[in-house]
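First the proteins, then the strands, lettered A, B, ... as listed; each starts at 1.
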Protein chains: 2
Amino acid sequence: MNIGDVAALSGLPAKTIRYYEDIGLVKPLRSTNGYRTFRESDAHKLAFLGRSRALGFSIEDCRNLLALYEDEERASAEVKDIAEQHLERIDDKIAELKKMRAALAHLVDACAGDHRPDCPILADLAINTTKHRDEEQFENTA
Amino acid sequence: MNIGDVAALSGLPAKTIRYYEDIGLVKPLRSTNGYRTFRESDAHKLAFLGRSRALGFSIEDCRNLLALYEDEERASAEVKDIAEQHLERIDDKIAELKKMRAALAHLVDACAGDHRPDCPILADLAINTTKHRDEEQFENTA
DNA sequence: GATAAGGCTTCCCCTTGCTGGAAGGTCAAC
DNA sequence: GTTGACCTTCCAGCAAGGGGAAGCCTTATC
């Protein structure tokens, strides 16, 4: 099948599929007119990649997972290891976002959000900065 | 002061500060030897930017926040609006990561992680392809 | 004065994972 | 024979900088 067919099947944009070929994740055949020709196995791989990416795995993780997927002799421990590391990265990211969220939510709550200029959000972002004290300062040339 | 000094003060790498000048966030002077010369106000802006970025605001958000910060006539509502939109994006991201996390944790738990090749993680990643191929299974597993 | 260390400059490429567009070849239909 | 939908390649670019080269500038020490 052509790239449009496999794009529809896998749910991936054609551009993405070409990119995946570029970086060696899939290796479709070529027909005489130069068009890529995808086998069933290619379609499976692409769907596999789509699912892996949807779980947030990096391209390199996907490459490794795909290799394990195709290796009938793999040890499930190898797969689990990749997944656990990814899980950890996700947890780190969630923790970081939650910290941001907490700080930001606090500021948003404190801000009146009206026509007046007083704003605790800006005040917090400006902590340690002496406001506009330097406006009249002469140039400190080196 | 030179870029190294303001880098130490603001906690931002010199590279980042040059980049911020490139995109017009700060406009340091130049001394005769070609070195950038930062005023107090530049240092304040950079610290402001560092804190805004630490809260996850995009560069464009930062640009707008900085403009509001310098505008004595601003309405706090404008600031709050930017912050609230950002809060929403953070929440979306957290929700997405949590969904990933849940799916992944479930798979990791199900995987023995031993020397055997049987792996529920790979099985799941391959599910859409196999489903499409042989089993037209009902995926309505609640 | 010479030299070495460190700071500063610009320049361009690299990253991640694609996405868009231009310029053009191919194919099926009318 | 001419649309129009596909397909091809290559080039550019996004966020938000990071790395490192090649080359000035400054300061300290001998």
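- When atom types are taken as modelled, the side chain of Arg39(A) and the backbone of Ala43(A) share no donor-acceptor pair closer than 3.5 angstrom.
- At dT9(C), one or more side-chain N or O atoms of Arg36(B) fall inside 4.0 Å of OP1 or OP2 (strictly under the cut-off).
- Protein atom NE2 of His86(A) is 14 Å distant from nucleotide atom C1' of dT16(C), rounded to whole Å.
- Asn33(A) has a side-chain polar atom (N or O) that falls below the 4.0 Å cut-off from OP1 or OP2 of dC27(C).
- Here the side chain of Arg53(A) is nearest to one of dC8(C), dC18(C), dT19(C), namely dC18(C).
- Atom-to-atom, CD1 of Ile23(A) to P of dC18(C) comes out at 8 Å; the value is rounded to the nearest Å.
- Taking each heavy atom of Ala14(B) and Ile3(B) in turn, the nearest pair found is O-CD1, 3.6 Å.
- Note: CZ (Arg30(B)) to C1' (dC8(C)) measures 10 Å, nearest angstrom.
- Between the side chain of Lys45(B) and the backbone N or O of Val26(B) there is no donor-acceptor pair closer than 3.5 Å.
- In this structure, Tyr19(B) places its OH atom 18 Å from P of dC14(C), rounding to the nearest Å.
- Side chain to side chain, Asn64(B) and Glu60(B) fail the donor-acceptor criterion of an N or O pair below 3.5 Å.
- Nearest-nucleotide positions on DNA chain D for Gly4(A) and Phe57(B) put Gly4(A) closer to the 5' end.
- Defining each end axis of the helix from dG1(C)-dC30(D) to dC30(C)-dG1(D) as the rotation carrying four pairs' C1' atoms onto the next four, with five pairs an end, the two axes are found to diverge by 30° to 10 degrees.
- Here the CZ atom belonging to Phe48(A) is positioned 12.0 Å from the CD1 atom belonging to Ile127(B), to the nearest 0.5 angstrom.
- Projected onto DNA chain C by closest heavy-atom contact, Pro13(A) and Thr32(A) fall at different nucleotides, the more 5' of which corresponds to Pro13(A).
- Of the listed nucleotides (dG7(C), dG25(C), dG17(C)), dG17(C) has the atom at the smallest distance from the side chain of Ile59(A).
- Tested against Asp61(B) for a side chain to side chain donor-acceptor pair (under 3.5 Å), the candidates Arg53(B), Arg89(B), His86(B) yield a single pass: Arg89(B).
- Ion pairing of Arg51(A) with Asp124(B) is present here, as a side-chain N (NZ or NE/NH1/NH2) and a carboxylate O approach within less than 4.0 Å.
- With hydrogens and angles left out, the side chain of Tyr35(A) and the base of dG25(C) share a donor-acceptor pair within 3.5 Å.
- One atom, CD of Glu60(A), and another, P of dC14(C), lie 17 Å apart when rounded to the nearest Å.
- Residue Ala75(B) comes nearest to Asp114(A) through the heavy atom pair CB-O, 3.4 Å, listed as atom of the first residue, atom of the second, then distance.
- Note that the first and last nucleotides of DNA chain D, 5' to 3', having any atom under 4.0 angstrom from a heavy atom of chain B are dA16(D) to dT26(D).
- Remark: Arg30(B) CZ is packed, more than 12 non-hydrogen atoms of other residues, nucleotides or ligands lying under 6.0 Å away.
- Between the CD atom of Glu21(A) and the P atom of dC18(C) there is a distance of 15 Å, rounded to whole Å.
- For Lys15(A) against dG17(C), no side-chain N or O and base N or O form a donor-acceptor pair under 3.5 Å.
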